[in-house]
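Okay, so here's the structure we're looking at.
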Amino acid sequence: MAVRTPTLPPRPVQRSLGPFAGLFALVAFSACSGSTRDAPPSPAPYDPLALPEAVDTNSDPHIFETTLEARVENIELLPGTTTPVWTYNGILPGPLIRVAVGDRVIVHFSNSLPEETTIHWHGLRIPNDMDGVPDVTQPGVQLGASFTYDFTVPDAGTYWYHPHYDSAEQVGYGLYGPIVVTDPNEPKDLGDEHVLVLSDINLNEDDGSLIPGDDAGDLGTLFGREGDTLLVNGKVNPTVTVASGSRQRWRLLNAAKSRYYQVGIAGQTFTRIGGDDGFIASPEPLNTVVITPAQRADVVFDVALPPSGQLPVQWIPYDRGYGSTEFRSPETIFTLQTSDQAPVTPPPLPALSRDIEPIDVSSATTQYLQLTENDQDGHVVLGVNGVPGSQAQPLLAALGDTQVWVVENTIDWAHPFHIHGFFFQVLDTNGVPPAVAEWRDTANVPVYGTTRLAVTFADRPGMWMFHCHVLDHAEAGMMGMVHLSP
Ligand code: C2O
Ligand code: CU
């Protein structure tokens, strides 16, 4: 069984711990029965990880029209217990939306949660009024209310959807789902494709109930709350059977609200072919795959395990700051098992390359953003340039601007920095350029480190959000807006 997020040793800096902020009022969870119309069984092979797909109710092949309902559903995560998981359509994760690049997506969304919510379409370059930020791009969707999202998906890749209201709690309680945008022209033979939604959830082991989202007070906020139970596609350590030697293509998505995932399998190397926005410039060989909260990684590998073998696919501690690696050991995400069938030999991996022109920053304006921690009234407040998001003035950009953002981390924990609605290129992290060119929407800013990124605000004026995707940090104020004027 997974270990709890460790009790942190005292920090060098003295700080007051917030009280375990009282009892969490579970507001009238209605036991929704709900139809199962949206959760058809998926194809049999690779069963434990099969993700139910959202159902397209539109007969036009280029329009994907579906229904999502946010509601609480009792799900057995720990054997013999049930957890009131916050779900889309009653399943964890929410249904996989699989569409082709250029498709129009219409989602009739309704809210049956005990509080307001929205859906943000993470990584999709869609119009500002579809971005799902409550009171900024749309009114929050109240209990019993609905909202129709309607947009065209411009880029192939792996994306996801999640709420943007009380996001640390709502995502932490289970509200997230994957989106795969396929490109009909991409090379074949990339392997057996599996979409793997990695996350975690914080449960009381005795009864499976949810641990409140304000657990451990200010220190929990600063560290970022990691759930003690690891989940892959909503399952706790499933066993997955594959053929020895077979080529796997895993579309990995980190939907955890604070946990960084470093994924490894003993004796197995990986080739990363994609990131946040589809393919990277050229394949990158890796021993382990690091995915910060909200990032995606598309990896291929030929299963190195002989027939009838078994190995854990592991979460390996990754240094994201104080307490993240101390006293922690690898944990099993799921178990990879090989069948007794003789090893298979897949064809050579097709040559993959993508032209990613470096953004021309010669006439870019520069924005300096320090990610900061302050005390306000005895409580930890995080912010950008010393100001929490709720009190900040927006940054400014004009349509067509290219900007360089110098994002400097001034605190003891790393931040996955995310900009809504636009892809950027990392110029360097602590002065070191990335190994492979790629488009990102989320980039790591290491402890006391600096990440410089280039972004072109080419289209779609509006108020666009940026924030740390350790959602506990975002909720504590590490967020802001960039106002893109026409
Ligand atoms: Cu996943 Cu505001 O983002
Ligand atoms: Cu952060």
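Please read all numbers here as calculations on a predicted model, not as lab measurements. Computed from heavy atoms alone, side chains included, the values below leave out hydrogens, waters and symmetry copies. We're numbering straight along the sequence, starting at 1. Every number for a ligand or one of its atoms is a count from 1 in the order of the listing.
- Restricting H473 to its N, O or S atoms, the one at the least distance from the Cu ion (ligand 2) is ND1.
- For the Cu ion (ligand 2), the set of nearby N, O or S atoms under 2.8 Å includes none belonging to H469.
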Evaluation steps, side chain to side chain contact (heavy atoms under 4.5 Å, CB included), between D412 and L222:
CA-CA 9 Å; D412 287 346; L222 276 169; over 6 Å; no
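- Among the backbone and side-chain atoms of H418, none of the N, O or S atoms lies under 2.8 Å from atom 2 (Cu) of ligand 1.
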Test salt bridge (Lys or Arg N to Asp or Glu O under 4.0 Å) on R272 and E438; report intermediate values, then the result.
CA-CA 11 Å; R272 187 170 73 101; E438 66 181 294; 2.6 Å; yes
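- Among the atoms of H420, an N, O or S atom is found under 2.8 Å from atom 2 (Cu) of ligand 1.
- Between the side chain of Q370 and the backbone N or O of G386, no donor-acceptor pair lies under 3.5 Å.
- Among the backbone and side-chain atoms of H467, an N/O/S atom is found under 2.8 Å from atom 2 (Cu) of ligand 1.
- Among the atoms of H164, none of the N, O or S atoms falls under 2.8 Å from atom 1 (Cu) of ligand 1.
- Evaluated for a side-chain contact (heavy atoms from CB on, under 4.5 Å) with T152, the options R104, M130, R125 yield exactly one hit, R104.
- The nearest N/O/S atom of H415 to the Cu ion (ligand 2) is ND1.
- Applying the ring pair (Phe, Tyr, Trp, His ring centres under 6.0 Å) test between H469 and each of H164, H415, H418, H420 identifies H418 as the sole match.
- Nearest N, O or S atom of H122 to atom 1 (Cu) of ligand 1: atom ND1.
- When all heavy atoms are compared, the tightest approach of I273 to P283 is CG2-CB, 4.5 Å.
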